[in-house]
Each structure stands twice: as C-alpha cells, then as structure tokens.
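Please read through the structure below; I'll follow up with questions.
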2 protein chains.
Amino acid sequence: MAPHDRRSGRLVKAPEHFIDAQGVQAVFGEARKGRRDFVRGAFAAALAATAGSAARAQAHPPPADGGDPNILELPPHSKGLGQPVATQGYGLPSQYEHNVQRRPSPGLTQTRQASVSFAPLQSLFGIVTPSGLHFERHHQGWWDVDPSKHRLMLTGADDKMLRQPMVFTVDEIMRLPSVSRFHFIECGANTGMEWGNVAVPTCQYTHGMLSCSEFTGVPLRLLLEMAGADFKRGRYVLAEGADGSSMTRTIPMELVESGEVLVAYGQNGEMLRPENGYPLRLVVPGVQGVSWVKYLRRIELGDQPYATKDETVHYIDLMPDGQHRQYSSLQECKSVITTPSGGQVLLDKGYYQISGLAWSGRGKVKRVDVSVDGGRNWRTAQLQEPVMSKCLTRFTLDWTWDGKPALVQSRAIDDTGYVQPSYRQLRAVRGTRSIYHNNAIQSWLVQESGEVKNVQLA
Amino acid sequence: MAPHDRRSGRLVKAPEHFIDAQGVQAVFGEARKGRRDFVRGAFAAALAATAGSAARAQAHPPPADGGDPNILELPPHSKGLGQPVATQGYGLPSQYEHNVQRRPSPGLTQTRQASVSFAPLQSLFGIVTPSGLHFERHHQGWWDVDPSKHRLMLTGADDKMLRQPMVFTVDEIMRLPSVSRFHFIECGANTGMEWGNVAVPTCQYTHGMLSCSEFTGVPLRLLLEMAGADFKRGRYVLAEGADGSSMTRTIPMELVESGEVLVAYGQNGEMLRPENGYPLRLVVPGVQGVSWVKYLRRIELGDQPYATKDETVHYIDLMPDGQHRQYSSLQECKSVITTPSGGQVLLDKGYYQISGLAWSGRGKVKRVDVSVDGGRNWRTAQLQEPVMSKCLTRFTLDWTWDGKPALVQSRAIDDTGYVQPSYRQLRAVRGTRSIYHNNAIQSWLVQESGEVKNVQLA
C-alpha cells in the first residue's frame, strides 16, 4: 500500500496492511545497490554454511568474485557440538548484546541518596520490557529485602477507619486471590530535561524512565475489605515503603476502588526484581512511578490527602503564576518514536519501518499519527495488538527515506479523545519552569548524513 | 461469591467476580488460628518497622507477648543507604529466588548431543515466561552465534520456485516491516514421560517444556514475496538451522500464507537468547517447538513435504496399529494446574487460589473447567485477560480446602470447540506407545498431609 501523504495536515485513515513486498523490495533494493559486493560475499557465505547438509544449494554456486575465500569455511557452530544446557540456571543475553543495557546519566545524580538508570528504548521491540533492563529510580538506594522477614501492615488514620488493622506476611499475600495485568510505569520526571531545551542525545535518556511489564498481585481493595475498611470516610490511602527513604505517597480511593491498584509481587512472570521493590510494591496503573511505592510495608486509610514531603516538595509542577501544582500524578497521553531516534544513523536511503511507543494514564491508546516533515503532514500509524489500558502500545509506519533532512514526530490520542500536545501547546498552559509531567511531542531530525539528532521545535 | 459446587457434573457459568473479601477472610482467618503467636510477632515487627516515620502507629502498641524483643529493631534497609543503581547493566533476580531456575532432568539426556532444561512453571505468574527461565531443547548443543556473520538464504527446490534467490544479513532482516505477537512454544515431547505412567514429581518436569513470549520478527510470507516465490507450486517450506544438528523441518504453506510464521529476532522486548536461537529463529505459532528452527540459516520453497530425518524418525507417534503418524506437529488444546501442583505442600486448610495455564495450537482458549474431585464435578475458571490466539492463558479459581484428599484437574476447551481429553479418551485413539503430543488432563492429588502428588487416573 502506497504511503498516504497529505498536504492538508488532516488525519488519514490507518492503512489496513503493511507496505507490500514489491514496495519494500523496490526501496530496499535501491539502498542495496551501493553494497552489492558486500551482499555477494554474504551470499557466498550462506551457500557455504548450507553446503554440508543441502546439496541442492550447489545449484547456486558462489559468484566468482565471492570475496575472502576463508568465508567459505563452515563456521564452528555448524561443524561441532555446542554447550549442553545454559550453564546458569538463569539465562542471560548474548555476549553480542552487551551494549544493550540500562545506563545512569552522567548529568544526573548517581549517589546512594538518589540514583536513576534509563531503559534502552531504542533497542527494544514490542511492549514488554525485559526485567533486566527495567528503568530504576531510587530515593535512598536499593536493597535485596529478605521476604521471610518483610511485612505489610494495614492501619487507619484513626481507630474507626479499619474494623481490624492487619499485618500480612509475603506468603499470606501470595495466597490471596491475585490478578495479572500488563501496565506501563513512567517516572513523573521522564523527559524532564527537555523542558529546559537540554536536548539529551538519545531516546534512552529522553524517555527511558519508562517500562512495561505484566504485573501480578492482590487488589488493594480486597485487603482493605478484609480489614473492614470504612469506604465512606476513608477516601485516601497512604502507601509507605520500607527502604531508608520512607517513601510515602497519597493514592485517591477511586483508583483503589476500581480494583486496578495492586499489592504486587510478580513482574513478567517471576518475582519483582530487588531494584524494583522486591518483595512487594504498589502498582498504580496510569499514575507516575513514584506512587508505585517499592518495598511496600504499610497502607494507611485516611480521610484527606497526606501532604507528605514526597508529594509537596517533589513531583510538583511550578506553574506560570508562581504556584505549585500538586497531586498531578496521572501520566497524560504521550508517545515517542524509538526508530529512528537520536544517536542512530540511517546508513542509506530507502525503506525504513518507523517504530515507537504510545501510552496513556487514562486508558487505551486510540490512534497515533506520525509526521516526517515537522508536523505539516500526518499519517496514521499501525497499532500492534493487543492494545491494553494503561499499557504501552507499539506503533509502526512504513517510510521511504529520500535522503533529505526529515523531522520525525509522533502524536498519540487516547480513548478519552485527549491529543498529545506540542511543546508550544504545553508551555502555553504550564510555562517554562516545570520539571515533571512533560508529555509533549518529541522531534527527531534525520540529517542528510543519516545521523539522527534530538531537536526541539519552538 | 460462594463457590458453585454442583453434583450434576454439568458445567456452570463462570462467576463474574472473584470470591469476595468476607469469603476469603472467613477461610483465611480459620487457617490463621493455629499460627496466632506467629502473626502477633509479625504485627510487632511491622509496627517496629514503621516506628521511625509513622508516629500514628503508636496508637497500636505491640502486644505484651510480642516475642523476640530483637525483632523491634529496624532492619538495616530502613535505616541506611542502599546501592545506587544495579551494578550490572543487566539486572538479575533476588538472591532469595535462587531456587527458581530451569532444571535439566536427571532421567533425560544431558549431553552436548542432546539436552533439555525445564521451565519452573510452578513458580511463575501470569503468562510471560522470563527469557532467563525459558525452557531449552538442543539437538547438538547451543551456541552464541555472531550476528554480523550470520546469513539467512531463501532458495527454491528447483530454479523456478523463486524468481530471485536471496541472502539476508541480520541487519537487513531487522530493517524490514516487523510485527510483535505473544505466542506459546511447547516441545512436542512435553508431558511425554506421563504416557508410560512414569509420574515425574513436579509440573516443572511434567509440563515445563512450555514457555510464552512476545516475539518480534518479519513475516516469512513477506520474504518469500520479495524473492518472487511461486505460491501456487510452492506448497511447503523447509526450515534449516545453522547449528551442528542441521535441524530441518517442513512447514505447510497455509501457515506461512496466514502471515503468522515469523523470522524472529526479538523475544520479550530484546534479542533472542543464545540458547533459544539467537540471532534468528522461526516462529510457527501453534506448532511444536522443534519446527521453530533455531539459528535459522535457510528457507527452501518446495512442492512436497521434505521427509527429513527430524520429521520421519523423531517427533512421530506410534499408533495402536503399528504405524507411525507423521507431521502431527500442531499442539492440541491442553492445560495444567500449576498451583497446587506436584511437590508443593498446603500448610493448612482454608482458602487457596487454584491457578494454571491453558493453550491451544488452533486459536484461543474459550473456557477452562476445574475439578477438585477427580472429574465428578467441574467448575468454570476465571480467564485472565488478555486471551490471545496460540498464546498461554492464565486461569484461576477460588477454592477452600477442607483438609481432605482432593484430586485437582483442569480441562481446557478452545474456540474450535475441541475439549482436552482424559487419558482414557486419548489412549483410546493413540494407544500406549506414544512419546509425543500428550495433551491429556493432568491430575494432582492433594493428600491429607497437604502434600501434592502427581497421579495418573486409569
């Protein structure tokens, strides 16, 4: 299907199919021309690799100019015995993927008092973040807490909030009715440096405080019901962590009552990782990561927001009128293109699949539009199934790069109709002094050299 | 909602909600009685843990008989600084989860010529299998293949099958239009030992050659289209791996034409793991794992099945009439309860959440029924969203154990109407000499002691 470029700037219907094979080959073949010798060598190598078992391949003898004759040798793995089973009981990525790792930022705090590492979004596929690459944010360092000694306590702000305060062991939590759900988690400070025109180079650093997992746990509502909670008076819960930061956040009861807030122990099929709150963390779908309290040790039911240090001094938004916006913890609809993105290089013209992630703290992603000309024209991207609520959605769009500068952007729309804003639109409301909750459209400039740069439009 | 036990043996409608909090607490509280002192101690510990930051907790002083006074000490992680960010660029599970690992079977081959390790299903949640715990099956050992030297060749059984044979580098494959989809993979030999009444002790060994991931790759159909394949004459493809086993399997073109068969490089968001075919493997949804050829180096298009050693000598079913059934590669509808399962111990009476996995090589799981009395009565389990085609589906059911022996079973039904058979039903068709493709109902016996045993009903 041919691209649907429109000059009107209006949205177009999503194509039902990907670009077809002829289309891909036309532009892919074009790009290959400059690399013909390399491809020929590759062809010879592949023939050689199959020579042992596939006599039929001899019908296609290697070209006379097949390059290095050594390449005709079968590789060791086609001739010998490999290793029996992965020597560890727990497997690891290939040595060739060593560069795909979460990274701290040289420009941000790396102390035991406060630390962060970013997920390598530019190297990830689909929507699941491998737990070994899940972003980290610690307010007093991370611990590997002994689950047999850990407890979760449910208390009330006064003696009547709960009929019966309770203490659970981790085993007891794990014995209760559980659910598993896919959700994104995004730090409220994600993309924070972009507010100040500090264009960090890669999407690992612009958007990498974002991950997505299948979480398993017990609805907090059930625990409160077991404790005989007064749901009429108790309209807020305070969640408190067991690490040195004593992280405390207020969660409105509407979220708890919906059944979505979980006391979670599972992440992507196994127990939570230590750096992500093992053995218990709160999962608050759609809400910024700091509210997903790690090493969760206490839930208190109260009748008003708690105004703790972590919600009055941090994670607040300084508005143009000089006032701070508090409790703005819901992550609004947002998206980012991960391929092509800052720091990557397009080696030649031709076909590329633009690929990225979209999400909304309010529900499902309904549509994603992509522009390659800085927002003058938009095409509707393909959404990868399944599209789930408060979860990452992978989008893709076929693109033929003509070798000229291109300004690529994505704009997500959620099922409430909310449209991800431009920087101009966002600044008109929020001013220029915010740190948190930046969900503006990201722009990547593909230069004539093929190098991709982070740029900010006025 | 109260359990729906029925004497009729007929199926009942699935409850819309989980058991409610009063129900859980009633049976949970019952079980707790014998542990009161322990819980009191825990309560004191939790109070102590929160003493530093939550003055309000003093409203609930620790009981006078609060046990070991040392437990009132704050744990180190509540008093000190943790580690800044996970020291590895790639994170690992908690030290306390060391026991959750894939395991080879003492009774099966562990040589470099043939090896297997099983996924710890009894310890997993949800549907995603962490890649570090994905089962392994090697026919000549595993390798960490250098992706920069690996090639994929497309050839034809004769010169007219493809207009243009092609060779792709891994980079070239990764530049093509890709899709990401969640699918299960099950070895055709999974549950094979159960045919012979060899009741292996745990579900890791009965069903652990089963995993589920989000796979990312290029539809094989697209590659064949790019090579100008003759889709009328070419009704089968041969997939060949680059490791020493030269694994070769025939795939019918209907599966390829559906767009479901992928040349995959991604698994759970990152590159395939070496032991699972890095850098390229075939993904053949619904079909037994051996057809998901690892280290994929060649696809040949032909007009008839290839009858290679791997499909004529192995992975065939010896039928009662003495003939072998070949090409029986589709994994029929199946399920297994993972909690409670063999080797586990129920410590006391009361509430448990029965939990398990269901899947079908033909499409979606439509319903799962659970029995706790050896199949006399069945209740319909809750299916966890999302329910996806040719993917694991997690099911759960509330259960109150009365302390008497119980025989727990699950029976899955897919959206074609196929019902998972009992051993008696399966043997009536297949006899007793099969090794592969056992999808019979699994039975776990909960003994009065709480110990759970693998048993086979006649």
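Chain identifiers are assigned alphabetically (A, B, ...) following the order of the sequence lines, protein sequences preceding nucleic acid strands; residue numbering begins at 1 within each chain.
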Ser355(A) and Arg394(A): side-chain donor and acceptor closer than 3.5 Å? yes
Identify which of Gly266(A), Pro130(A), Pro104(A) forms the greatest number of heavy-atom pairs closer than 4.5 Å to chain B. Pro130(A)
What residues, two or more places apart in sequence or in another chain, satisfy ring-ring contact (aromatic ring centres under 6.0 Å, His included) together with Tyr295(A)? none
Which of His98(B), Glu385(B), Gln95(B), Arg137(B) touches chain A most, by non-hydrogen pairs under 4.5 Å: Gln95(B)
Between Asn276(B), Leu224(B), Leu347(B), Ile127(B), which residue shows the highest count of heavy-atom pairs closer than 4.5 Å to chain A? Ile127(B)
Is it true that the side chains of Thr155(A) and Arg298(A) contain a donor and an acceptor less than 3.5 Å apart? yes
Interface check, chain A: of Val100(B), Asp146(B), Asp243(B), most non-hydrogen pairs under 4.5 Å belong to Asp146(B)
Flag for Asp144(B)-Tyr278(B): side-chain donor and acceptor within less than 3.5 Å: no
Looking only at heavy atoms and a cut-off of under 4.5 Å, which of Gln140(A), Gln267(A), Met271(A), Glu214(A) has the most pairs with chain B? Glu214(A)
Using heavy-atom distances under 4.5 Å, tell me whether Ser94(B) contacts chain A through its side chain, its backbone, both, or neither. both
At a heavy-atom distance under 4.5 Å, which candidate from Leu124(A), Thr339(A), Thr129(A), Val128(A) has the highest pair count against chain B? Val128(A)
Between Ser178(B) and Gln353(A), do the side chains contain a donor N or O and an acceptor N or O under 3.5 Å apart? yes
Any side-chain heavy-atom pair of Trp142(B) and Glu136(B) under 4.5 Å: yes
For Gln113(A), is it the side chain, the backbone, both or neither that has a heavy atom under 4.5 Å from a heavy atom of chain B? both
Leu272(B) versus chain A, heavy atoms under 4.5 Å apart: side chain, backbone, both or neither? neither
Is any side-chain heavy atom of Val167(A) closer than 4.5 Å to a side-chain heavy atom of Leu152(A)? no
Between chain B and each of Ser123(A), Ser245(A), Cys212(A), Ser115(A), count heavy-atom pairs under 4.5 Å; write down the option with the most. Ser115(A)
If you tally heavy-atom pairs under 4.5 Å against chain A, which of Gly132(B), Gly141(B), Pro147(B), Gly228(B) wins? Gly132(B)
Side chain, backbone, both or neither: which part of Phe215(B) has an atom under 4.5 Å from a heavy atom of chain A? neither
Any idea which of Val116(A), Leu223(A), Val145(A), Leu133(A) has the most non-hydrogen atom pairs under 4.5 angstrom with chain B? Val145(A)
Top contributor to chain A interface from Pro120(B), Ala114(B), Pro76(B) [non-hydrogen pairs under 4.5 Å]: Pro76(B)
Side chains of Glu275(B) and His138(B): closer than 4.5 Å at any heavy-atom pair? yes
Can you tell me which of Leu81(A), Thr111(A), Asn268(A) forms the most heavy-atom pairs within a distance under 4.5 Å of chain B? Leu81(A)
Using a 4.5 Å cut-off on heavy atoms from C-beta on, say whether the side chain of Pro279(A) contacts that of Tyr96(B). no
Geometric cation-pi criterion Arg102(A) and Phe135(A), 6.0 Å radius, 45° cone: no
